[in-house]
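What follows is one structure encoded as structure tokens, with my remarks underneath.
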There are 2 protein chains.
Amino acid sequence: MVADPPALRRADWELPATATAALRRPEQAAEQLAALAAAAEPGARLGTKEELRVHCGVSVGTFNEALRLVQARGVVDVRPGRTGGLFATRQSPLVRLGNSVLALDKDAASVADAVRLRDALDPLLVEDALRHAAPSDVTAMRAELDRMRTAAADLDGIAFIHANWALHARIADVSPNAMLRSFYLSLLEIIESHTLAVQPLGDEPLPEYIQSRYDLHAALVDAIDARDEPRAIALIHEHNMTAHTS
Amino acid sequence: MVADPPALRRADWELPATATAALRRPEQAAEQLAALAAAAEPGARLGTKEELRVHCGVSVGTFNEALRLVQARGVVDVRPGRTGGLFATRQSPLVRLGNSVLALDKDAASVADAVRLRDALDPLLVEDALRHAAPSDVTAMRAELDRMRTAAADLDGIAFIHANWALHARIADVSPNAMLRSFYLSLLEIIESHTLAVQPLGDEPLPEYIQSRYDLHAALVDAIDARDEPRAIALIHEHNMTAHTS
DNA sequence: TGAGCTAAACCAGCATGGTGATTGGAGCGG
DNA sequence: CCGCTCCAATCACCATGCTGGTTTAGCTCA
């Protein structure tokens with residue numbers, strides 16, 4: 001039995017360039033660890049750091065980096081002491097959701113998809129706003145409404161749509177559902193980062209379109225303020241039927 | 001000017017136990033880096049590894065771990081070469097979404113919230129299924145439907161609801177919208193991990209309730225198969241008005 | 001038997017020093 | 001002026017060895 005010699009030079013560890021590209025060693029090791037953890041029962045002991053480090057074939061520092069990554073992903077748990085080591089963690093669905101979103105390809109987030117999702121979630125947020133909006137929340141909404149009105153008067157489409165998003169964000173802020181809030185706000189960001197200006201649906205002239213959008217949102221905030229649920233729901237549906245931003 | 005001495009012993013680096021708890025040094029350093037990156041313009045050079053390592057007051061290994069973390073979060077970018085170093089990155093909304101979900105408190109995912117979200121997304125998935133379902137997809141759906149029927153015949157509520165979820169997952173699989181798919185499937189997982197059995201709405205006896213749920217889903221798959229959009233939409237709305245699982 | 005101590009096996013940091021790749025500027029010859 | 005080579009800065013790994021905390025198996029002893 002020969003102890004394998006230390007990998008002092010790069011050639012000793014750098015595997016053939018084919019298909020290795022772009023993935024650094026810590027990430028490779030992290031993948032191995034994640035695979036190990038996924039294959040094991042939750043709570044199972046995977047081994048000591050040293051054992052697994054050797055198994056991954058990396059140095060201490062690199063292994064610590066890999067470990068930190070999988071730990072951040074909530075896939076493994078490290079425990080000290082005599083019976084310590086690495087343990088597979090039961091992955092909560094929420095963590096899986098986070099990771100699956102992170103794993104999503106960058107261009108997987110088409111704006112059209114995001115808009116569609118946002119439209120589906122809008123009614124929920126309006127519902128929540130109806131139920132939970134405090135006076136201060138409504139005040140914040142009206143402030144954004146003012147910005148929209150100013151932008152509409154200036155015919156500044158860019159400012160208008162930004163104020164519009166801000167209003168929707170204010171509405172979302174009211175929801176007690178953290179998941180919904182977080183997701184909706186991110187959708188808004190996705191849309192915002194790809195959208196340049198307002199654009200009416202069909203042939204309606206822009207000033208009239210902006211004005212009608214403003215009126216609709218003002219009515220929505222009024223309905224929320226008045227706790228007029230049917231009206232608010234109707235308005236948000238109209239909102240999503242007539243909007244078109246690109 | 002005195003060069004500060006090496007921190008050879010633990011007392012040299014371990015700051016007073018108050019308020020430090022639970023956050024390891026690599027995470028602390030990662031926070032510092034993230035703050036730096038957030039304060040800077042996207043693309044700005046934050047400094048060399050060595051400079052920032054000293055700024056964070058940690059050792060090389062620890063700093064590398066911190067670096068790997070913020071890199072995984074996509075907030076910084078490390079570049080080699082003479083003009084290399086750390087650079088602030090423009091964080092994509094999708095990455096922010098992923099991180100915000102990961103940051104969500106574990107108990108933030110109440111089942112009720114998840115159910116509400118799922119119900120809001122169901123119509124979108126049915127729409128997508130109507131548009132994109134291939135014959136093989138429908139076959140898969142019918143297989144789950146069979147499992148539901150068997151479970152219904154056995155009056156096995158557990159098996160029934162699992163088959164039901166599997167059917168919904170099949171429907172979701174058809175959607176070309178990766179974000180929607182991913183999110184919906186995770187919601188299903190959240191619900192699944194907290195739900196024990198079917199429970200009818202109101203006083204309807206269980207066998208009849210299960211039968212009616214089966215009929216509804218069977219009709220839905222038929223409508224998808226027949227590309228009968230109005231009917232499918234109507235069914236999914238009925239689905240979400242009458243369901244109650246806990 | 002049971003309470004208490006010891007020591008082994010872990011992990012978390014630290015420091016130092018080395019090889020090799022990547023990058024861009026500086027200098028030089030044609 | 002252009003292209004070439006060379007070099008300094010910087011990163012990505014590697015190896016080794018140290019201090020000190022935590023956990024528990026196992027032993028001792030009343």
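So you know, we letter chains A, B, ... as the sequences are listed, proteins then strands, and number each from 1.
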What N/O pairs connect the protein and nucleotides 15-20 of chain C at under 3.5 Å? Give each pair on its own line.
| residue | atom | partner | partner atom | Å |
| --- | --- | --- | --- | --- |
| C:dG20 | OP1 | A:R9 | NH1 | 3.3 |

Pairs under 3.5 angstrom, nitrogen or oxygen only, protein versus nucleotides 4-6 of chain D, please.
none

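B:E144 is linked by a side-chain hydrogen bond (donor to acceptor under 3.5 Å, both in side chains) to B:R147, B:R170, counting only residues two or more places apart in sequence or in another chain. For A:D119, the side-chain hydrogen bond (donor to acceptor under 3.5 Å, both in side chains) test picks out no residue, with sequence neighbours left out. Residues satisfying the salt bridge (charged side-chain N to carboxylate O under 4.0 Å, His left out) test with B:D128, not counting sequence neighbours, are A:R116. With sequence neighbours left out, the ring pair (Phe, Tyr, Trp, His ring centres under 6.0 Å) criterion links A:F183 to B:F183. Residues that satisfy the side-chain hydrogen bond (donor to acceptor under 3.5 Å, both in side chains) test with A:N99, not counting sequence neighbours, are absent from this structure.
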Quiz prompt | Trace of the side chain to side chain contact (heavy atoms under 4.5 Å, CB included) decision for B:V101 with A:V95 | solution = CA-CA 7 Å; B:V101 171; A:V95 172; over 6 Å; no
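The stretch residues 67-76 of chain A has no heavy atom under 4.0 Å from DNA chain D, so no residue of it qualifies as close. For residues 31-41 of chain B, proximity to DNA chain C is found at no residue, defined as any non-hydrogen atom under 4.0 angstrom from a strand atom.
Closest of all the heavy-atom pairs between B:P93 and A:S186 is CB-O, 4.3 Å. Annotation for B:S175 and B:L180: closest pair OG-CD2, 3.9 Å, computed over non-hydrogen atoms. In this structure, B:L46 and B:A40 approach most closely via the heavy-atom pair CD2-CB, 3.8 Å.
A salt bridge between B:E65 and B:R25 is absent, with no side-chain N of the basic residue lying under 4.0 Å from a carboxylate O of the acidic one.
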Practice problem: Can you check each nucleotide of nucleotides 5-11 of chain C against protein heavy atoms at under 4.0 Å and return B for base, S for sugar-phosphate only, - for none, in 5' to 3' order? | Solution: ---BBBS
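For A:D77 and D:dT22, the CG to C1' distance is 14 Å, given to the nearest whole Å. Between the CG atom of A:L23 and the C1' atom of D:dC13 there is a distance of 15 Å, given to the nearest Å.
Among residues at least two apart or in separate chains, side-chain hydrogen bond (donor to acceptor under 3.5 Å, both in side chains) pairs with a member in residues 83-98 of chain A are A:R96-B:E189. Judged as a salt bridge (Lys or Arg N to Asp or Glu O under 4.0 Å), the pairs with a partner in residues 31-50 of chain A (not counting sequence neighbours) are, in order, A:E31-A:R73, A:E50-A:R53.
The side chain to side chain contact (heavy atoms under 4.5 Å, CB included) with A:Q71 is formed by just one residue from the set A:L86, A:V78, A:D77; it is A:V78.
In this structure, B:R79 satisfies the cation-pi test against B:F87, with its NZ or CZ atom closer than 6.0 Å to the six-membered ring centre and inside 45 degrees of the ring normal.
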